[in-house]
Amino acid sequence: MVASEVHPFSKTGGLGDVVGALPGALESLGADVLTISPLHQCVRRHKPKRTDVRLRVPLGTGVIDTPVWRKGNAWFLEHDPFFDREGLYTGPWGDHGDNAARFTFLARGAMELLRAVGLPDVLHAHDWQAGLVPVYARTLYAGDFGRVKTVFSIHNLAYQGNFRAVDLPMTGLDWSLYNWKQLEFYGKLSFMKAGLVFADLLTTVSPTYAREIQTPEHGYGLDGVLRDRAGSLRGILNGADYAEWDPRSDRHLAERYSPEDLKGKAACKADLQRSCGFDPRPDVPVIALVSRLAEQKGVELVLGGLERVLGEDVQVALLGNGEGRFEEAFKGWAARRPDRFSARIAFDNAVAHRLEAGADLFLMPSRYEPCGLNQLYSLRYGTVPVVRATGGLADTVRDGATGFSFGPSTVDAMLDALRRALGVYRDPDEWRRIQAAGMSEDFGWPASAREYLRLYAAR
C-alpha cells in the first residue's frame with residue numbers, strides 16, 4: 001500500500017481510516033501487507049524507529065538522500081523540508097505550493113523502497129497523492145515491476161492533484177506521456193488521471209459511487225476516462241473499525257450498552273444533553289451532525305432548513321469545522337437558540353463518539369459521499385441515520401428499515417425525511433425495531449478485505 005496518510009499515525013479523513021484498517025484486515029486473512037507513507041510531523045509522536053534502510057530518491061535534476069522509519073508494517077519516508085509541517089496538504093493560505101514535488105517524492109520513494117526491501121505481488125496506490133505509482137511501475141521502473149499487479153483506489157474524485165505542465169520534468173517521466181489519453185488534463189498534469197489510466201485495476205469505496213463517477217454530474221471531468229475503464233473498475237465498501245466504534249466497549253461513553261440492553265444509551269443521551277446545555281428530557285429527540293463543514297456535506301441544506309427543524313420539539317447538536325462562512329452561520333444559530341441548538345466548531349474524536357451514542361438520529365445530507373463512515377457508526381450505536389441516497393449512503397442505509405433516506409438534494413426533501421423519522425420516533429415499538437435492525441448490520445472490514453483479496457487474485 002502507498003498512501004499519503006495512515007491512521008493512527010496521520011489522518012485528515014476517510015483515506016487515513018481505510019489505509020489504517022485495511023492492512024490489518026488483509027493480514028487476518030493471510031496476506032502480508034507493507035504500507036508506505038510520508039514521515040509527517042504528526043507521525044513522529046507515535047515514536048517510529050529509524051531503520052538501517054537509506055534511499056536515494058531522484059527528484060527533478062537532483063537526488064534526495066532519504067532515511068526510512070518504521071513502526072510495525074508501516075514504513076515512513078523522511079524528508080523534513082517536505083513533511084515537517086502541521087498540515088498534511090494545506091496551510092493557512094491554502095494548498096501547499098510544493099504538493100507536486102512532495103507527492104512525486106512519495107511515489108518515487110515508494111518504488112525505491114520496494115526495490116530495496118523486496119517486490120510485492122500487488123502494488124496498491126491510494127488517491128491522487130499516490131497516482132504516479134502505477135505510472136512508474138509501467139515506465140521508469142518497468143524492469144523491476146513489470147510482473148507486479150497495480151491497483152489504484154479513488155477515495156474522492158473531486159480532489160485530483162492537478163498541477164502545472166512544467167512540473168512534469170520533476171517527475172522524471174518523458175514528455176511523450178503528456179497527452180490527452182495519459183497524463184494531460186485540460187492543460188494540467190493530473191496525478192489522479194495518471195493513476196486511472198495506468199493502473200491494472202481501479203477501485204472506489206462503494207458500488208454506487210463507482211457508477212456515479214462515470215457520469216458528468218459526479219465525474220469532475222474524468223467520467224469519460226472512467227467509462228473507458230469501466231470493465232476494470234470495482235466499488236468495494238469501506239469497512240467500519242468496530243474495535244474502536246462499538247457501544248459495548250467504547251471508552252468515551254458515559255455508560256456502555258448493547259443491542260440487547262439499551263439502558264446505557266439513555267444515560268449517554270442525558271450526558272450529551274447536559275454537555276450541550278440542553279434540558280435533559282428523555283422524550284425529546286436529539287439530532288446529531290458530525291461533519292466537515294463544506295458544500296459536499298450538504299451543510300447548506302441544514303442551514304436552509306434549520307429554522308423549520310428547530311420549530312419542532314427537538315434538540316440538535318453539531319460537531320465540525322471547515323469553511324468559515326458555515327462556521328459563523330452555525331455559531332450564530334447556537335447563540336440565538338441555545339435551548340435547542342449546540343455547535344462545537346472543532347474536530348474532537350471523543351466528542352464524536354459521545355454524539356454517536358447520545359443522539360437518537362444522525363443527519364447526513366451529503367450532496368455526494370463516496371462511502372461515508374458516520375452512517376455505519378450510527379447504525380452500530382442505534383442512532384438512526386437520515387441520509388441523502390448517494391454513494392455509500394445509498395448502499396448502507398435501507399429506507400424505512402434501518403434508517404431514512406431522500407433523493408433530491410433539496411431542503412424540502414431533507415425535511416420530509418426528517419419528519420418521517422420523527423413520526424416513527426413517536427412509536428417506541430417501531431423505533432426500537434429500526435434501531436435493532438441497524439445494530440444487527442455488519443459493515444466491518446473482514447467482508448471488504450475478502451473482496452480486495454479476490455480482486456488482487458483476479459487475472
Side-chain angles (χ1 to χ4, degrees), residues 206 208 237 239-240 242 245-248 250 253 255-273 281-291 298 301-302 305 309 312-317 352-366 369 371-408 413-444 447:
S206 71
T208 294
L237 271 173
Y242 290 141
W245 292 91
D246 191 321
R248 287 171 287 203
D250 194 328
L253 306 189
E255 191 171 318
R256 295 171 185 171
Y257 59 94
S258 68
E260 298 75 32
D261 182 2
L262 288 175
K263 183 176 66 174
K265 185 167 177 63
C268 291
K269 178 174 178 175
D271 176 66
L272 176 62
Q273 289 172 313
R281 292 168 48 198
D283 60 308
V284 65
V286 176
I287 304 169
L289 297 95
V290 177
S291 179
L301 300 182
V302 178
V309 172
E312 304 280 343
D313 187 18
V314 299
Q315 297 168 346
V316 181
H353 280 253
R354 292 196 287 272
L355 278 164
E356 286 285 7
D360 298 294
L361 300 96
F362 194 96
L363 180 59
M364 288 185 74
S366 304
E369 192 67 62
C371 179
L373 289 172
N374 276 104
Q375 85 278 13
L376 305 184
Y377 306 152
S378 298
L379 290 168
R380 179 53 60 109
Y381 281 68
T383 300
V384 176
V386 179
V387 304
R388 181 162 177 262
T390 183
L393 303 179
D395 292 326
T396 55
V397 177
R398 294 182 285 126
D399 187 49
T402 61
F404 297 87
S405 61
F406 60 98
M414 180 191 73
L415 292 177
D416 178 66
L418 268 175
R419 290 190 188 102
R420 288 192 292 120
L422 293 171
V424 175
Y425 178 82
R426 298 184 188 101
D427 181 340
D429 291 338
E430 183 64 10
W431 190 254
R432 179 71 187 92
R433 183 191 66 77
I434 289 180
Q435 282 182 305
M439 295 180 85
S440 69
E441 296 275 46
D442 184 0
F443 291 106

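Here the structure is a predicted model, which means the values were calculated and not measured.
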dist Leu393:CG -> Ser206:OG (nearest 0.5 Å) comes out at 8.5 Å

Apply the test side-chain contact (heavy atoms from CB on, under 4.5 Å) to residues Trp431 and Val384: give CA-CA distance (whole Å), side-chain angles for both, the deciding distance (0.1 Å), then the verdict. CA-CA 9 Å; Trp431 190 254; Val384 176; 3.5 Å; yes

Sub-3.5 Å donor-acceptor pair from the side chain of Arg398 to the main-chain atoms of Gly403, do we have one? no

Main chain of Glu356, side chain of Thr383: is a donor-acceptor contact present, judged purely on distance under 3.5 Å? yes

Return yes if some donor-acceptor pair links the side-chain N/O of Glu369 with the main-chain N/O of Gly392 below 3.5 Å, else return no. no

Applying the side-chain contact (heavy atoms from CB on, under 4.5 Å) criterion to Phe404, which one of Val397, Val387, Val424, Leu418 satisfies it? Val424

Would you call the rings of Tyr377 and Trp245 parallel, tilted or perpendicular, where under 30° means parallel and over 60° means perpendicular? parallel

Using a 4.5 Å cut-off on heavy atoms from C-beta on, say whether the side chain of Pro247 contacts that of Arg380. yes

d(Met414 CE, Leu363 CG) to nearest 0.5 Å is 6.0 Å

Which class fits the ring pair Tyr257 and Tyr381: parallel under 30°, tilted 30 to 60°, perpendicular over 60°? perpendicular

Restricting to non-hydrogen atoms, name the atom on Thr390 and the atom on Ser366 that form the minimum distance, rounded to 0.1 Å. CG2-O, 3.7 Å

All heavy atoms of Ala394 vs all of Thr208, minimum pair found to be CB-OG1, 4.2 Å

Electrostatic pair Asp283:Arg281 at N-O distance under 4.0 angstrom: yes

Taking the side chain as every heavy atom from C-beta outward, state whether Leu422 and Leu361 have any atom pair closer than 4.5 Å. yes

Sidechain N-carboxylate O distance under 4.0 Å for Arg433, Asp429: no

d(Arg248 CZ, Tyr242 OH) to nearest 0.5 Å is 10.0 Å

Under 3.5 Å donor-acceptor, Arg256 side chain and Asp250 backbone: yes

Over all heavy atoms of both residues, which pair between Asp399 and Ser405 is shortest? Give the atoms and the distance, please. OD1-N, 2.9 Å

When rounded to the nearest 0.5 angstrom, what distance separates CG in Leu373 from OG in Ser378? 10.5 Å

Straight-line distance of Leu301 CG to Arg388 CZ, nearest 0.5 Å: 8.5 Å

What's the shortest heavy-atom distance between Lys269 and Val284, and which atoms? NZ-O, 2.7 Å

Shortest non-hydrogen contact between Leu272 and Ala359, atoms and distance: CD2-N, 3.8 Å

Shortest non-hydrogen contact from Leu376 toward Gly239: CD1-C, 4.4 Å

From CD1 (Ile287) to CG (Leu355), nearest 0.5 Å: 12.5 Å

